[in-house]
Amino acid sequence: MGDWMALDQAYVANTYARFPIEIVSGKGSVVTGSDGKRYIDLGSGIAVTSFGIADDAWREAVTAQLSKVQHTSNLYYTEPCARLAQMLCERTGMKKVFFGNSGAEANECAIKAARKYAAEKKGPDCYTIVTLENSFHGRTLTTLAATGQEHYHELFRPLTPGFAHVPAEDMAALEALAEKTKIAAVMIECIQGEGGVVPLSAGYVRALAEFARERDILLIVDEVQTGNGRTGALYAYMNYGVQPDIVSTAKGLGGGLPLGAALLGEKVENVLGFGDHGSTFGGNPVCCAGAISVLSRIDEALLGEVREKSARVFETLKGAPGVEDVTGMGLMIGIKTAKPAKEVIARCIEKGVLCLSAKDKVRLLPALNIPSALLDEAVDVIKEACRA
Ligand code: PLP
């Protein structure tokens with residue numbers, strides 16, 4: 001057997017702190033390492049494998065499309081791309097979809113659409129996109145500029161200009177900024193994922209949406225991590241009773257294949273015209289076929305199960321010894337532990353449970369259909385690992 005870890009360390013760019021595990025196979029929410037060890041997967045590839053590993057319906061949808069045509073370029077029509085766009089619009093009330101390959105690209109499209117809308121409607125000096133402190137919107141230079149965490153910016157300046165950050169939950173800060181700056185759009189994550197699984201309050205999100213609507217400032221909701229059933233609603237904004245102008249999503253949409261989407265609402269549906277934007281792989285028919293399989297199964301019954309499983313996790317962990325706080329919504333859960341999160345995660349790995357981290361928290365993003373028995377087994381391991 002090859003030493004793929006050593007090979008990876010020798011040849012793959014050194015940008016990821018990988019766990020010392022080589023995953024070779026899996027089924028549903030269980031993955032197997034090259035040493036034969038079984039793990040319960042509570043990360044699902046960072047909220048990507050919505051229905052777990054090698055899910056039968058997803059695999060069939062993807063392989064059926066793979067056997068027909070794997071790529072056409074965007075010079076031609078394909079059924080999966082058109083059908084997926086229709087499904088996304090019908091389920092959100094949005095009007096048009098631009099497909100890319102990742103969350104960062106979905107946000108790039110959202111930002112370009114907002115900039116063009118504002119330039120045409122309010123003039124070329126109205127371009128500022130406001131995001132929140134502690135946010136995360138991606139790793140391209142523009143989405144880094146959008147990301148409200150300084151430490152991601154260091155050594156990569158100059159970033160794309162025209163971004164400003166305000167503290168979350170502070171309408172006065174946004175109002176003060178609007179006094180001196182022309183704002184094209186406000187972009188938020190309803191739950192800051194990489195920022196440590198920090199949900200915004202309903203009052204703040206509603207006030208912000210109202211503030212934006214009154215001034216014709218676009219509201220962009222970044223649903224890259226929170227989207228596609230993750231929070232117990234199809235999109236997290238639906239938990240807040242607001243209607244964004246643009247929604248960006250990716251991760252769980254493709255169920256394991258690279259796919260991002262910017263959903264464009266009424267105000268911006270026709271802002272981007274021929275040649276304004278594009279992506280060679282965007283809307284790839286195989287990725288879209290996978291996404292149709294994912295999206296068509298995120299129905300009320302499944303969302304109810306997500307909420308019910310979430311409640312069980314909160315119930316088990318809240319107030320448990322060594323657990324200081326549990327945050328999040330649906331199956332996007334952050335655990336503030338008394339011990340360093342790293343130690344808890346390492347202990348869980350020893351016991352066959354894969355968790356993620358987000359800042360100083362242990363983060364759980366299991367597959368939406370994780371069987372309750374497996375989830376309970378894994379949460380018991382976490383509970384034990386948190387104990388001092
Ligand atoms: N936006 C949010 C909220 C994210 O959580 C992420 C990734 O973690 C991104 C954007 C970037 O997505 P991608 O890594 O697919 O470019």
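Count residues from 1 along the sequence. All ligand and atom numbering here is 1-based and tracks the order in the structure.
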Under 4.0 Å, heavy atoms only, figure out whether ligand 1 is touched by the backbone of [X], its side chain, both or neither.
{"X": "S102", "answer": "both"}
{"X": "E194", "answer": "side chain"}
{"X": "R139", "answer": "neither"}
{"X": "H137", "answer": "backbone"}

Under 4.0 Å to a heavy atom of E189 - the qualifying atoms of ligand 1, by number: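 Within the 4.0 Å cut-off of E189, ligand 1 contributes 3 (C).
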Close-contact set for ligand 1 against N107 heavy atoms, below 4.0 Å: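 Near N107, the atoms of ligand 1 are 1 (N), 10 (C).
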Best match, V224, I188, T143, I46: closest heavy atom to atom 9 (C) of ligand 1: V224
Write out the residue and atom name of the closest protein heavy atom to [atom], then the distance separating them to 0.1 Å.
{"atom": "atom 13 (P) of ligand 1", "result": "G103 N, 3.5 Å"}
{"atom": "atom 5 (O) of ligand 1", "result": "Q225 NE2, 2.8 Å"}
{"atom": "atom 1 (N) of ligand 1", "result": "D222 OD2, 2.8 Å"}
{"atom": "atom 16 (O) of ligand 1", "result": "A104 N, 2.8 Å"}
{"atom": "atom 7 (C) of ligand 1", "result": "K251 CE, 3.5 Å"}

Option among D222, T140, T143 that satisfies the side-chain hydrogen bond (donor to acceptor under 3.5 Å, both in side chains) test with N107: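 In the set D222, T140, T143, the residue that makes a side-chain hydrogen bond (donor to acceptor under 3.5 Å, both in side chains) with N107 is D222.
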Checking side-chain polar atoms at under 3.5 Å, does [X] have a donor or acceptor matched by the opposite partner on [Y]?
{"X": "H165", "Y": "T131", "value": "yes"}
{"X": "R312", "Y": "T316", "value": "no"}
{"X": "Y117", "Y": "D216", "value": "yes"}
{"X": "N239", "Y": "T231", "value": "yes"}

With a 3.5 Å cut-off and sequence neighbours excluded, list the donor-acceptor pairs that the side chains of residues 194-201 form with protein atoms.
{"from": "E194", "atom 1": "OE1", "to": "R363", "atom 2": "NH2", "distance (Å)": "3.4"}
{"from": "E194", "atom 1": "OE2", "to": "Q225", "atom 2": "NE2", "distance (Å)": "2.9"}
{"from": "E194", "atom 1": "OE2", "to": "R363", "atom 2": "NH1", "distance (Å)": "2.8"}
{"from": "E194", "atom 1": "OE2", "to": "R363", "atom 2": "NH2", "distance (Å)": "3.4"}
{"from": "S201", "atom 1": "OG", "to": "E169", "atom 2": "OE1", "distance (Å)": "2.7"}
{"from": "S201", "atom 1": "OG", "to": "Y204", "atom 2": "N", "distance (Å)": "3.1"}

Shortest non-hydrogen contact from I129 toward A114: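 Heavy atoms only, the tightest pair is CD1-CB, 4.1 Å.
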Pi-cation contact, F163 with R115 (under 6.0 Å, within 45°):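 R115 over F163 ring: yes.
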